[in-house]
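Below is one structure, written out as structure tokens; comments come after it.
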Amino acid sequence: MNYELIKGRPMRLMWSQRDPSLRKSGVGNVFIKNLDKSIDNKSLYDTFSVFGNILSCKVAHDERNNSKGYGFVHFETQDASDQAIQKVNGMLLNDKKVYVGRFMTRKERMETLGHPATRFTNIYVKNFG
């Protein structure tokens, strides 16, 4: 039944994680970007299932059910996610080179990369000449 269509949308079945600490810890969570628009949840699952047991797998979609070009895979173990990152990062999936890395929360990204508003790249000059 997993990935069968209901009202034009694929159904996702997964085990209920009653303990939110596993989800919130980020252990085994992988972020994939630059995905081809034709890649769906099932093909993402099939690609990454060779590395270990997958708890959750999702491609992000907009309100018209078009792929946004990125997705998430949550592995049961950190070893499986590390192996997936090592093997799939930079690989071609449907003729597009994908980036695969450890999932980082927005707060972690801001600490690592800096807030975009603090990095100025443009300048405006008034009454020049």
Side-chain angles (χ1 to χ4, degrees):
M1 284 183 65
N2 211 5
Y3 303 113
E4 286 185 15
L5 296 179
I6 296 178
K7 293 187 178 184
R9 299 192 67 189
M11 174 177 42
R12 269 190 336 142
L13 298 175
M14 56 188 230
W15 290 103
S16 173
Q17 298 294 328
R18 302 298 291 168
D19 183 16
S21 63
L22 180 63
R23 283 179 287 131
K24 292 182 180 181
S25 69
V27 172
N29 213 346
V30 175
F31 173 71
I32 305 104
K33 70 178 179 180
N34 200 28
L35 288 173
D36 188 67
K37 302 292 182 190
S38 65
I39 293 179
D40 59 356
N41 292 333
K42 180 161 179 29
S43 57
L44 191 68
Y45 182 90
D46 291 342
T47 302
F48 284 90
S49 63
V50 297
F51 300 108
N53 190 26
I54 294 177
L55 300 177
S56 174
C57 178
K58 182 172 174 122
V59 175
H61 290 88
D62 62 10
E63 61 278 350
R64 292 191 177 131
N65 207 24
N66 297 322
S67 172
K68 290 185 174 182
Y70 67 91
F72 307 92
V73 177
H74 192 178
F75 287 98
E76 189 173 30
T77 64
Q78 185 66 39
D79 294 336
S81 67
D82 291 341
Q83 188 178 14
I85 291 169
Q86 181 184 12
K87 301 273 188 194
V88 184
N89 189 25
M91 195 170 111
L92 292 176
L93 294 179
N94 288 12
D95 297 327
K96 287 188 86 172
K97 187 176 181 180
V98 296
Y99 165 82
V100 181
R102 188 181 73 80
F103 172 76
M104 296 172 67
T105 62
R106 180 172 286 141
K107 183 178 177 183
E108 289 174 328
R109 281 195 315 269
M110 293 300 170
E111 290 172 359
T112 304
L113 304 173
H115 194 278
T118 60
R119 293 179 289 143
F120 296 105
T121 58
N122 298 333
I123 186 168
Y124 174 75
V125 179
K126 186 176 176 182
N127 297 330
F128 186 74

Report the C-alpha separation of D79 and F51 in whole Å, then their side-chain angles, then the decisive distance to 0.1 Å, and conclude whether the side-chain contact (heavy atoms from CB on, under 4.5 Å) test is met.
CA-CA 9 Å; D79 294 336; F51 300 108; over 6 Å; no
Step by step, work out the side-chain contact (heavy atoms from CB on, under 4.5 Å) result for V59 and H61.
CA-CA 6 Å; V59 175; H61 290 88; 3.9 Å; yes
Start with the C-alpha gap between F75 and I54, add the side-chain angles, then the distance that decides, and say whether side-chain contact (heavy atoms from CB on, under 4.5 Å) holds.
CA-CA 4 Å; F75 287 98; I54 294 177; 3.8 Å; yes
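The closest side-chain heavy-atom distance from N89 to V98 is not below 4.5 Å. Here the side chains of K96 and L92 are not in contact, with every heavy-atom distance at 4.5 Å or above. Looking at D95 and D36, their side chains never come closer than 4.5 Å, going by heavy atoms from C-beta outward.
Shown are Y45, F31, F48; of these, the ring-ring contact (aromatic ring centres under 6.0 Å, His included) with F72 is made only by F31. When L93, V30, V73 are each tested for a side chain to side chain contact (heavy atoms under 4.5 Å, CB included) with V100, only one passes: V30.
Between the OG1 atom of T47 and the NZ atom of K42 there is a distance of 10.0 Å, given to the nearest 0.5 Å.
The ring pair (Phe, Tyr, Trp, His ring centres under 6.0 Å) check on Y99 picks up nothing, with sequence neighbours excluded. The salt bridge (charged side-chain N to carboxylate O under 4.0 Å, His left out) search around D82 returns none, not counting sequence neighbours.
I32 and M104 are assigned to two separate hydrophobic clusters, defined by single-linkage of ILVMFWY side chains at heavy-atom distances under 4.5 Å.
Side chain of K37 to main chain of S67: a donor-acceptor pair is present (N/O by atom type, distance under 3.5 Å, no hydrogens or angles). Between the side chain of S43 and the main chain of I39, no donor-acceptor pair closer than 3.5 Å is present. Within the 3.5 Å criterion, the main-chain N or O of N65 finds a donor-acceptor partner in the side chain of D62.
Between N41 and C57, the closest heavy-atom pair is O-SG, 3.8 Å. Nearest approach of G52 to A80, heavy atoms of both residues: CA-CB, 4.1 Å.
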